[in-house]
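Heads up: the structure comes next, in structure tokens.
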Amino acid sequence: GFAVDIASDSAGSVLVLGWAPGSGTDFATIKYSMDGKKLWSKQYDGPGKGDGGLDDFPSDFVVKGDGSVIVVGSAAAADELRDIVTLKYDTDGQRTLLLVARGTTNLPSFGHALAVDNEGNTYVAGSAVRPDRRVVLIVQYHPDGTKGWVREVGKPRTSYFASATQVDRNSNVLVCGSTLTSGAPAAVFMLLKIDRNGVLVWQTTHGDPTQGDSFANALALDEAGNAYVTGASYREQNGFDWTTAKFDSSGKLVWSASEHGGDGDEALALQVDAGGSVYVTGSTGMRDRSSAYHTVRYDADGARLWAASFG
């Protein structure tokens with residue numbers, strides 16, 4: 001098995017999401033009490049079986065205030081393609097929803113991230129395959145599981161890859177990831193904003209494709225609606241470095257900062273505090289070719305305040 005995420009509920013219980021052996025690999029969601037006792041464990045096996053079973057991979061989950069859990073990932077379908085699958089479990093581990101989505105071209109679709117707004121609506125972000133490219137696929141579900149709206153975002157000759165999503169206090173949905181345009185030398189950061197009705201407000205990119213690929217891995221929002229994206233960008237002189245960028249609520253780049261440790265640097269997560277400081281963590285290469293945890297703090301203007309490594 002392999003764990004991909006962890007969260008806690010208001011009672012202090014801990015929930016872990018990952019995949020586990022089953023018919024191929026299955027979604028696995030486990031709940032522990034605050035003293036480490038396993039309360040329940042649930043697996044989900046998609047309908048696609050193939051020879052010996054096909055793999056199902058969870059990507060993200062959210063624990064709601066009532067203790068229920070919403071899980072998203074990609075599962076093998078009966079036609080042996082792939083669907084975006086969203087599951088909901090109540091606080092006792094009983095599955096209350098099973099929701100399946102696929103892009104309009106009826107080709108494989110992949111679920112990558114989800115977020116829940118203040119009204120209890122769930123927004124699932126992923127990608128859908130088209131014959132010549134990929135597009136971002138975003139699905140809104142109401143609290144009872146009925147589908148609200150579905151939005152596909154893309155451009156001709158450009159493939160989109162979604163990695164993270166967040167919802168602001170006005171129920172605008174932001175999705176980050178990367179895009180690769182046919183004929184371009186490399187991929188760049190992608191960030192887009194959808195309003196509460198499913199209308200694309202703006203999309204933007206960041207990075208220098210002449211230097212090499214840029215991949216966005218994580219996204220955070222502040223109370224003013226600014227968006228913060230972090231990941232890795234390739235530079236000829238350094239290899240992969242961390243790149244962290246701040247965008248205002250209209251999609252304009254405010255600042256961008258780089259962090260170089262060694263070979264194979266990659267930022268994986270970030271948080272923003274009430275004062276606007278940004279905390280980024282991930283891995284960095286060391287001179288002896290090993291790797292270490294690395295964490296950086298930036299102030300609200302993007303100035304590096306401190307950095308610390310472990311390992």
Find the distance between [atom1] ([X]) and [atom2] ([Y]) and round it off to the nearest 0.5 Å.
X      : Y      : atom1 : atom2 : answer
Asn217 : Ser178 : CG    : OG    : 9.0 Å
Thr86  : Leu97  : OG1   : CG    : 9.5 Å
Ser23  : Gln43  : OG    : CD    : 10.5 Å
Asn121 : Gln140 : CG    : CD    : 4.5 Å
Asn172 : Ile194 : CG    : CD1   : 9.5 Å
Ser163 : Leu268 : OG    : CG    : 11.0 Å

Kindly work out whether a path of hydrophobic side-chain contacts (I/L/V/M/F/W/Y, heavy atoms less than 4.5 Å apart) joins [X] to [Y].
X      : Y      : result
Val153 : Val173 : yes
Val85  : Leu99  : no
Val124 : Val4   : no
Leu192 : Trp149 : yes
Ile30  : Ile6   : yes

Between [X] and [Y] (side chain of the first, backbone of the second, donor and acceptor by atom type, cut-off under 3.5 Å), is there such a pair?
X      : Y      : result
Asp56  : Ala76  : yes
Arg130 : Thr105 : no
Asn197 : Val199 : no
Asp144 : Thr146 : yes
Thr244 : Ala257 : no
Asp222 : Ala227 : no
Ser33  : Lys37  : yes

Under a 4.5 Å cut-off applied to non-hydrogen side-chain atoms, are [X] and [Y] in contact?
X      : Y      : answer
Leu17  : Val71  : yes
Tyr141 : Tyr123 : no
Tyr160 : Met190 : yes
Thr243 : Ser256 : yes
Leu221 : Leu174 : yes
Ile84  : Val100 : no
Phe61  : Leu87  : no
Thr91  : Asp66  : no

What pairs with Asp299 under side chain to side chain donor-acceptor pair (under 3.5 Å), at least two apart in sequence or on another chain?
->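 With sequence neighbours excluded, Asp299 shows a side chain to side chain donor-acceptor pair (under 3.5 Å) to no residue whatsoever.
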With sequence neighbours left out, what residues match Asp9 under side chain to side chain donor-acceptor pair (under 3.5 Å)?
->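 By the side chain to side chain donor-acceptor pair (under 3.5 Å) rule, Asp9 matches no residue at all.
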Between Asp241 and Ser233, is a side chain to side chain donor-acceptor pair (under 3.5 Å) present by the stated rule, with each step listed?
-> CA-CA 5 Å; Asp241 290 345; Ser233 296; over 6 Å; no
Looking only at side-chain N and O atoms, does [Y] offer a donor or acceptor that is under 3.5 Å from a partner on [X]?
X      : Y      : value
Lys193 : Thr204 : no
Arg133 : Ser159 : no
Asp83  : Ser109 : no
Tyr279 : Asp273 : yes

Closest non-hydrogen atom pair, [X] against [Y]:
X      : Y      : result
Gly103 : Ala128 : CA-CB, 3.9 Å
Val139 : Ala101 : CG2-CB, 4.1 Å
Ser10  : Gly65  : OG-O, 3.8 Å
Cys176 : Leu219 : SG-CB, 3.7 Å
Gly111 : Ser59  : O-OG, 2.8 Å

Residues Val280, Val278; criterion side-chain contact (heavy atoms from CB on, under 4.5 Å); working and verdict = CA-CA 6 Å; Val280 184; Val278 183; 4.0 Å; yes
Walk me through it: do Lys42 and Lys31 pass the test side-chain contact (heavy atoms from CB on, under 4.5 Å)?
-> CA-CA 9 Å; Lys42 300 293 179 179; Lys31 183 176 181 177; over 6 Å; no
Could you name each residue pair satisfying ring pair (Phe, Tyr, Trp, His ring centres under 6.0 Å) that touches residues 71-122, not counting sequence neighbours?
->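 Only Trp40-Tyr89 qualify under ring pair (Phe, Tyr, Trp, His ring centres under 6.0 Å).
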Does the pair Val188 and His206 meet the rule for a side-chain contact (heavy atoms from CB on, under 4.5 Å), with working shown?
-> CA-CA 6 Å; Val188 294; His206 178 61; over 6 Å; no
Can you check side chain to side chain donor-acceptor pair (under 3.5 Å) on Asp265 and Thr284, steps first, answer last?
-> CA-CA 4 Å; Asp265 300 333; Thr284 186; 2.8 Å; yes
When you look at Val69 and Lys64, which way does the side-chain contact (heavy atoms from CB on, under 4.5 Å) test go after all the steps?
-> CA-CA 6 Å; Val69 186; Lys64 299 182 67 176; over 6 Å; no
Is the centre of the Trp242 ring less than 6.0 Å from the centre of the His294 ring?
->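 Yes; His294 has its ring centre under 6.0 Å from that of Trp242.
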Does the pair Glu152/Arg134 count as a salt bridge with the N-to-O cut at 4.0 Å?
->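 No, no charged N to carboxylate O under 4.0 Å.
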Salt bridge Asp195-Arg151, side-chain N to carboxylate O under 4.0 Å =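 Salt bridge between Asp195 and Arg151, a charged N being under 4.0 Å from a carboxylate O: no.
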Over 60° means perpendicular and under 30° means parallel, so classify the ring planes of Phe310 and Tyr293, tilted if in between.
->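 If you compare the ring of Tyr293 with that of Phe310, the planes turn out tilted.
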Option from Trp19, Phe27, Phe57 for which ring-ring contact (aromatic ring centres under 6.0 Å, His included) with Tyr44 holds =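 Only match with Tyr44 under ring-ring contact (aromatic ring centres under 6.0 Å, His included): Phe27.
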